[in-house]
Peer 1: 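The structure is given below, and queries will be raised subsequently.
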Amino acid sequence: MFKKEVEKILKKYTKLKEIPLEIPSSSEFGEYAFPCFILSKKLKKDPKKIAEDLAAKIKKTNLFEKIESNGPYVNFFINKSKLNDFIIKNILKGGYGNKKEGKTILVESPGPNTNKPLHLGHLRNMALGLSISNIFRKMGNTVVNVDIVNDRGIHISKSMLAYQKFGRGRKPNKKSDHFVGDFYVMYNEKVKKNKSLEDEAKGLLIKWENKDKEVRALWKKMSDWALKGIYQTYKEFGFNIDKAYRESEYYEKGKKIILSGLKKGIFKEGEGGSIIVDLEKKGLGKKVLLRSDGTSVYITQDLYLAKKRYDDFKMDKLVYVVASEQIYHFNVLFEILKMLKYKFAENCYHLAYGMIYLPEGKMKSREGVIVDADNIIKDTIELAKKEIKKRFKLSKKEVEKRAKIIGLGALKFFLLKYDSFKDFVFNPKEAISFEGETGPYVQYVYARIKAILRKSKKSSKVDYGVLTHPREIDLVKLLGKYPDVIWQASEQYKPNLVAHYLLRLGKSFNLFYESCPVLKADKKVKDARLNLILAVSYVIKDGLGLLGVGVLERM
RNA sequence: GAGCCCGUAGCCUAGUCUGGAUAAGGCACCAGCCUUCUAAGCUGGGGAUCGUGGGUUCGAAUCCCUCCGGGCUCACCA
């Protein structure tokens, strides 16, 4: 609103079509700044002089406090009373920052394997999938969370083989995905000394493919165990999926697509009767789509699944949350989808995320050097309990409740504050902290606000013109940026923008808190401040919600 | 070998797409602030050749090129 007004004025006075308006780094330069360098070439004048002339020429309306030149810039100072009024009222109305994009978006995440429990990488995946979905919804889209369950293949056969050989028909005596995972680890131990196990595992896979009854029964039993445990972890983490697609049901499909593509001349025959796609022009080389023996490869299934999902949901956009190791794979997939002229093909996106390293190196679940998801969740919540007990005497139930929100909040926030494509090191001892740039820091701000609001009464008529303290102004201005931040996060697939915004907002509130007492202020100021912090609490709750992080009234 | 990604204080990050005013935070370290709305907080301090070298520009952490360091990928694997 204010920005448009400034642009309108500048267009009128400069005759420029586009106004490169800036938001100054410091508030001593006002709310908006116009750099005059661009005009200096045209007018062949010193930019300082241009700024001076412009500032003198522009007629000031009551929307502005002042408009003045500062070096080569023209600085616009918005009337704070109007600024406060506009932003705070807007927030208190509800639905602040909501948009109405009206698209249907599918988000695939996290793609578990049914031979072992989830690990830290899956947590990063879920955190990203969850938050980007929330952000899309906030933009007014319908989001469907889909999953791909990797429940077939040699890795599955390995845990099956170990169970067959050493499980003695036992039933899970622990969380069932961990029970299954133990056999996967056992296989990898045993195979070091007995290489023939590799062939046995392959044999099991062939039997599975031939639908051998006994093998299928074992497979179903173990898949169910694995999934049951994995879904418990989803639930614990606050993650939900709308539809799961199982690889076992689709791995053979997709041949039709390939064959019809061959007829149309989109694909070619390769050596030995295989079918390939030539993506040399795109710099992606040649890829096999059907083997010489007519069987599918991984990408064949992905092609089918993409089409299947379109048949199921008619989505406008398809987002895959998958580790960055698969960037090449998705580049190929998306190119082929475009060649096949699917409507959604232009709107596929691979939300790639980087590796997570342990202090001792790269995670390898195969070797059992694993950061187990359940353990991480449990440890973080335990840590939160300790912190709570240090501060308050509460009932066990209350401690549990708070610890879960704070612990999970810390964990999710930690996973989301990094740019998704960056690798990072996860040091369990240091990574999950509750101080500094963390989820609890932001949650704490919310609790502080609630503590003040509990001790006060609402007032109907409020004059926001009394909010003139620099820290009040900073806070209001930051609140004003929220809609733009979440829109950027949605456009760029970057939940970390929301996380960093909330940290800034939290910091800004804490600064305000230190120097602007609310309850002890004069009535008029108090009422205005109460509404200001109420607005802050709205934005914090909403923003944390986008990250899948909850808030507490007291902590 | 080729393609893609990353390189910002001792450590971790933001800013890079869309170039602008003294490069913004956190951790750690040092010194302070709880009879006053929750100290999971706040204040002050030291600490940066924005990997290197060029180029474009009135102006470069940001755009282009070179090189260096690290990672991922390039299967009739998934």
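Note that these values count all heavy atoms, side chains included, but never hydrogens, waters or copies made by symmetry. Naming: A, B, ... by sequence-line order, numbering from 1 per chain.
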Peer 1: Just to verify, what does A:D379 make a side chain to side chain contact (heavy atoms under 4.5 Å, CB included) with, not counting sequence neighbours?
Peer 2: none
Peer 1: Scan nucleotides 23-25 of chain B against the protein and return all N/O pairs shorter than 3.5 Å with their distances rounded to 0.1 Å.
Peer 2:
| residue | atom | partner | partner atom | Å |
| --- | --- | --- | --- | --- |
| B:G25 | O2' | A:E437 | OE2 | 2.8 |
| B:G25 | N2 | A:E437 | OE1 | 3.1 |
| B:G25 | N3 | A:E437 | OE2 | 3.4 |

Peer 1: Quick one: A:R402 CZ to B:A40 P, roughly how many Å, whole number?
Peer 2: 13 Å
Peer 1: For RNA chain B, whose closest nucleotide is more 5', that of A:Y441 or that of A:G71?
Peer 2: A:G71
Peer 1: Could you state the atom-to-atom distance from CZ of A:F424 to P of B:G71 in whole Å?
Peer 2: 18 Å
Peer 1: Taking side chain to side chain contact (heavy atoms under 4.5 Å, CB included) as the test, write out the residues that go with A:E252, two or more places apart.
Peer 2: A:K211
Peer 1: Enumerate the ring-ring contact (aromatic ring centres under 6.0 Å, His included) contacts for residues 279-298 of chain A, please, sequence neighbours excluded, ordered by first and then second residue.
Peer 2: A:Y298-A:H329
Peer 1: I want to verify the glycosidic state of B:C42; is it syn or anti under the 90° rule?
Peer 2: anti
Peer 1: Closest to the A:P440 side chain: B:A40, B:C76, B:C37?
Peer 2: B:A40
Peer 1: Determine, using ring centers only, whether A:Y349 and A:Y320 are less than 6.0 Å apart.
Peer 2: no
Peer 1: Please state whether the phosphate of B:C42, meaning OP1 or OP2, lies under 4.0 angstrom from any side-chain nitrogen or oxygen of A:N510.
Peer 2: yes
Peer 1: The side chain of A:H500 lies closest to which of these nucleotides: B:A14, B:C37, B:G15?
Peer 2: B:A14
Peer 1: Going by atom type alone, with no hydrogens or angles, which donor-acceptor pairs under 3.5 Å involve a side-chain atom of residues 266-277 of chain A and a protein atom two or more places apart or on another chain?
Peer 2:
| residue | atom | partner | partner atom | Å |
| --- | --- | --- | --- | --- |
| A:K268 | NZ | A:D278 | OD2 | 3.3 |
| A:S274 | OG | A:E271 | O | 3.0 |

Peer 1: Are OP1 or OP2 of B:A14 and a side-chain N or O of A:Y418 less than 4.0 angstrom apart?
Peer 2: no
Peer 1: With sequence neighbours left out, which residue pairs that include part of residues 505-530 of chain A fulfil the ring-ring contact (aromatic ring centres under 6.0 Å, His included) condition?
Peer 2: A:F509-A:F512, A:F509-A:Y513
Peer 1: When the distance from CD of A:E335 to P of B:C4 is rounded to whole Å, what number comes out?
Peer 2: 14 Å
Peer 1: If you apply the rule side chain to side chain contact (heavy atoms under 4.5 Å, CB included), what do you find for A:R246 with A:E249, and how did you get there?
Peer 2: CA-CA 6 Å; A:R246 292 200 185 198; A:E249 290 175 35; 3.9 Å; yes
Peer 1: In chain order, what residues pass the side chain to side chain contact (heavy atoms under 4.5 Å, CB included) check against A:A528, with sequence neighbours excluded?
Peer 2: A:V462, A:Y464, A:V466, A:L467
Peer 1: Test: salt bridge (Lys or Arg N to Asp or Glu O under 4.0 Å). Region: residues 401-410 of chain A. Which pairs qualify, not counting sequence neighbours?
Peer 2: A:E236-A:K404, A:E398-A:R402
Peer 1: Write down the distance separating the C1' atoms in B:C76 and B:G1, rounded off to the nearest Å.
Peer 2: 23 Å
Peer 1: Are OP1 or OP2 of B:G7 and a side-chain N or O of A:K422 less than 4.0 angstrom apart?
Peer 2: yes
Peer 1: Respond yes when some side-chain nitrogen or oxygen of A:R291 is under 4.0 Å from OP1 or OP2 of B:A75, and no when none is.
Peer 2: no
Peer 1: How would you label the contact of A:F421 with the nucleic acid (heavy atoms, under 4.0 Å): base, sugar-phosphate, or nothing?
Peer 2: sugar-phosphate
Peer 1: Pull out every stem in RNA chain B, meaning runs of 3 or more consecutive Watson-Crick or G-U wobble pairs with both distances under 3.5 Å.
Peer 2: B:1-7 with B:68-74, B:10-13 with B:24-27, B:29-33 with B:41-45, B:53-55 with B:63-65
Peer 1: Between B:A14 and B:G25, how far apart are the P atoms? Round to whole Å, please.
Peer 2: 16 Å
Peer 1: Less than 4.0 angstrom between a side-chain N/O of A:Y444 and OP1 or OP2 of B:A40, yes or no?
Peer 2: yes
Peer 1: What is the separation between atom CG on A:D419 and atom C1' on B:C12, rounded to the nearest whole Å?
Peer 2: 14 Å
Peer 1: Under the side-chain hydrogen bond (donor to acceptor under 3.5 Å, both in side chains) rule, collect the residues that match up with A:Y187, sequence neighbours excluded.
Peer 2: none
Peer 1: Nearest to the side chain of A:K455 - B:C37, B:C72, B:C76?
Peer 2: B:C37
Peer 1: For A:A535, what residues pass the side chain to side chain contact (heavy atoms under 4.5 Å, CB included) criterion, not counting sequence neighbours?
Peer 2: A:I88, A:I91, A:L92, A:L479
Peer 1: For nucleotides 57-65 of chain B, print each protein N/O atom paired with a nucleotide N/O atom at under 3.5 Å, atom names and distance only.
Peer 2:
| residue | atom | partner | partner atom | Å |
| --- | --- | --- | --- | --- |
| B:C58 | OP1 | A:K41 | NZ | 3.4 |

Peer 1: Where the side chain of A:F29 is concerned, which of B:U22, B:U73, B:C76 is the nearest nucleotide?
Peer 2: B:U22
Peer 1: Can a donor-acceptor pair be found between the side chains of A:S508 and A:D474 at a distance below 3.5 Å?
Peer 2: no
